[in-house]
Q: 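Sharing a structure here in structure tokens format.
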Amino acid sequence: MRRYSSGLRQAGKTIAFVPTMGFLHQGHLSLMEKGKALSDHVVVSIFVNPTQFGPNEDLAAYPKDEDRDLEMTRKTGVDAVFLPDARQMYPDGFQTVVSLKALPKHLCGLSRPGHFDGVATVVTKLLGIVRPHTAIFGEKDFQQLAIIRQMVKDLEMGIDIVGAPIVREADGLAISSRNMYLTTDQRQSARCLYQALTTSRQLVKDGETNADAIIRAAAARISAYPETTIDYIAICDPQTLDNVPVVNGLVRMALAVKVGKSRLIDNMMLTQ
Ligand code: AMP
């Protein structure tokens, strides 16, 4: 991968990088398309990073279909796919952890301790191997995008971090590899995330500024659906991720809901 990347750089070509955990879908493909538009070459990585999964999370069950993934990248016009295995990424003696101080202390970081250390460390390593000019991340994982932006800035990595909008199913559900775990009934319930977000956005449009009131309404909307358990609903500053009590500037709503056993996340700007 390093040789490939150095060769391209020496030839004066630009590289866009899309890191993924595979089981590719339309959301991932939109990132690749963005990469194609921005750069001469697009590199995709597929690596289910064990260090970002907690002990009771779905690492062992995480869906996988390498042949299908490779076919999809080929059809999308991706130039190279990097598929390391966990032994190559974390050989015996590996001991470095990249950890941010404040951004992980919000949202998903609270219910997934250590998750963002795993993400920041693997992304640092992948960026060091692929050495792209640009790396593209989905707004679906909004906190992850904020953390990577901060990390790349703090560590002077000199890589352009580009965010890409959330790709959704026709009924609004954000596309995710984890949606395949849902039963037919749970798939119906999963609509509650998008509905809670759009309802909240409408409340703000109608003049509501009290974040607690908006969150309560969103919670009621979600709880009306069977098999849903709210992990968190937050209205936050899109840069610092700090909770915002009164909506009067740019704010983002982020939420995580368990539908059956699947933990789904989504987010949306409430103000433009
Ligand atoms: P994952 O394979 O889930 O780690 O995701 C790899 C990249 O794809 C991350 O930057 C995600 O934010 C992005 N992504 C996942 N789902 C979507 C989606 N529905 N729309 C846009 N980007 C997405």
Side-chain angles (χ1 to χ4, degrees), residues 16-38 42-54 57-59 61-66 68-70 72-73 76 78 81-84 86 89 103 107-109 112 115-116 118-127 130 132 134-152 159-182 187 190-191 193-194 197 238 252 254-257 262-269:
F17 176 44
V18 179
T20 80
M21 299 205 300
F23 211 69
L24 301 178
H25 52 64
Q26 219 45 51
H28 297 119
L29 299 189
S30 74
L31 271 49
M32 298 171 203
E33 292 293 353
K34 203 167 190 111
K36 273 172 36 180
L38 292 173
V42 180
V43 175
V44 169
S45 66
I46 299 177
F47 179 58
V48 182
N49 174 37
T51 67
Q52 70 189 65
F53 286 79
E57 294 184 355
D58 57 346
L59 173 62
Y62 200 83
K64 202 178 167 88
D65 190 341
E66 202 174 292
R68 182 170 148 276
D69 285 351
L70 291 176
M72 284 169 86
T73 54
T76 311
V78 166
V81 182
F82 178 52
L83 297 119
M89 290 294 276
L103 286 173
L107 312 176
C108 290
R112 303 187 72 188
H115 169 68
F116 288 113
V119 169
T121 305
V122 79
V123 171
T124 301
K125 182 143 178 156
L126 289 168
L127 293 175
V130 176
T134 305
I136 302 156
F137 293 84
E139 287 179 357
K140 162 89 182 351
D141 298 275
F142 178 66
Q143 185 172 16
Q144 168 173 280
L145 174 59
I147 284 173
I148 303 298
R149 276 193 204 287
Q150 185 70 44
M151 177 186 89
V152 164
I159 297 165
D160 209 12
I161 301 300
V162 175
I166 301 173
V167 179
R168 300 178 178 282
E169 305 279 4
D171 64 0
L173 176 65
I175 302 180
S176 162
S177 310
R178 289 189 166 99
N179 294 349
M180 61 89 69
Y181 300 140
L182 301 170
R187 175 63 185 80
R191 292 176 303 165
L193 286 92
Y194 182 67
L197 292 168
R252 197 140 191 140
L255 41 81
V257 177
S262 311
R263 185 175 175 282
L264 306 180
I265 58 171
D266 203 346
N267 67 84
M268 188 179 279
M269 290 302 288

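Numbering of ligands and ligand atoms starts at 1, following listing order. Computation of the quantities below employed the complete heavy-atom set of this structure, encompassing side-chain atoms and omitting hydrogens, waters and symmetry-equivalent molecules.
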Q: Counting only heavy atoms, tell me which of Leu31, Asn179, Val123, Val18 gets closest to atom 13 (C) of ligand 1.
A: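 The residue whose heavy atom sits nearest atom 13 (C) of ligand 1 is Leu31.
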Q: Heavy atoms only: which of Met21, Arg168, Lys140 is nearest to atom 23 (C) of ligand 1?
A: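 Looking at heavy atoms only, the winner is Lys140.
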Q: Is it true that, when you exclude Glu57 itself, more than 12 heavy atoms of the residues, nucleotides or ligands shown sit nearer than 6.0 Å to its CD?
A: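 Atom CD in Glu57 is crowded, with more than 12 foreign heavy atoms closer than 6.0 Å.
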Q: Which ligand 1 atoms, with their elements, are less than 4.0 angstrom from a heavy-atom of Ile166?
A: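 Answer for ligand 1: 20 (N), 21 (C).
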Q: What atoms in ligand 1 come closer than 4.0 Å to a heavy atom of Gly138?
A: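 Counting atoms of ligand 1 from 1, those under 4.0 Å from Gly138 are 9 (C), 10 (O), 11 (C), 12 (O), 13 (C), 22 (N).
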Q: Is the shortest side-chain heavy-atom distance between Phe82 and Leu126 below 4.5 Å?
A: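 They are in side-chain contact.
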Q: Salt-bridge test for Arg187 and Glu169: reply yes if a basic N is under 4.0 Å from a carboxylate O, no otherwise.
A: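 Not counted as a salt bridge, because no side-chain N and carboxylate O are separated by less than 4.0 Å.
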Q: Starting from atom 1 (P) of ligand 1, what is the nearest protein heavy atom, named by residue and atom, and what distance separates them?
A: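 That would be His28 NE2, 3.6 Å.
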Q: Taking the side chain as everything from C-beta on, heavy atoms only, tell me whether Gln143 gets closer than 4.5 Å to His115.
A: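 A side-chain contact under 4.5 Å is absent here.
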Q: Would you say Ala174 and ligand 1 have an N/O pair spaced under 3.5 Å apart?
A: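 N/O-N/O distance below 3.5 Å does not exist for this pair.
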Q: Between Pro19 and ligand 1, which part of the residue brings a heavy atom under 4.0 Å of the ligand: side chain, backbone, both or neither?
A: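 For Pro19, only backbone atoms sit under 4.0 Å from ligand 1.
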Q: Quick test of your reading of the model: are Asp58 and Arg263 salt-bridged, counting only N-O distances below 4.0 Å?
A: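 No, this pair does not count.
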Q: Atoms of ligand 1 less than 4.0 Å from Pro165 heavy atoms?
A: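 Matching atoms, with element in brackets: 20 (N), 21 (C).
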Q: Output the list of atoms in ligand 1 that are nearer than 4.0 Å to some heavy atom of Ile175, sorted by atom number.
A: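 Numbered from 1, ligand 1 contributes 16 (N), 17 (C), 18 (C), 19 (N).
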Q: What protein heavy atom lies closest to atom 11 (C) of ligand 1? Include the residue and the distance to one decimal.
A: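 The closest one turns out to be Asp141 OD2, 3.0 Å.
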Q: Any side-chain heavy atom of Leu264 within less than 4.5 Å of one from Val257?
A: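 Side-chain contact under 4.5 Å: no.
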Q: Return the minimal non-hydrogen interatomic distance between Gly138 and Leu31, and the atom names on each side.
A: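 Closest approach of Gly138 to Leu31: N-CD2, 3.8 Å.
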Q: Cation over ring, Arg178 on Tyr62, under 6.0 Å and within 45°?
A: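 Not satisfied by the 6.0 Å and 45° rule.
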Q: Heavy-atom distances under 4.0 Å decide this one: backbone, side chain, both or neither, for Gln26 against ligand 1?
A: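 Looking at Gln26 and ligand 1, no heavy atom falls under 4.0 Å.
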Q: Could you tell me whether Ala164 approaches ligand 1 through its side chain, its backbone, both or neither, with non-hydrogen atoms closer than 4.0 Å?
A: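 Neither; no heavy atom under 4.0 Å.
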Q: Ignoring hydrogens, what is the shortest heavy-atom contact between Phe17 and Val44? Give both atom names and the distance.
A: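 Where Phe17 meets Val44 most closely, the heavy atoms are CE1-C, 4.3 Å.
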Q: Check each atom of ligand 1 against the heavy atoms of Thr20 and keep those under 4.0 Å away; list them by number with element.
A: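 That gives atoms 2 (O), 6 (C) of ligand 1.
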Q: Answer yes or no for Arg168 and Tyr194: cation-pi contact, defined as NZ/CZ to six-membered ring centre under 6.0 Å and angle to ring axis within 45°.
A: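 No, cation not above the ring by the 6.0 Å, 45° rule.
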Q: Please report which non-hydrogen protein atom sits nearest to atom 20 (N) of ligand 1, along with the residue it belongs to and the distance in Å to one decimal place.
A: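 Looking only at protein heavy atoms, the one closest to atom 20 (N) of ligand 1 is Val167 N, 2.8 Å.
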Q: State the atoms of ligand 1, each with its element, that fall below the 4.0 Å cut-off from a heavy-atom position in His25.
A: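 Those of ligand 1 that fall under 4.0 Å from His25 are 15 (C), 16 (N), 17 (C).
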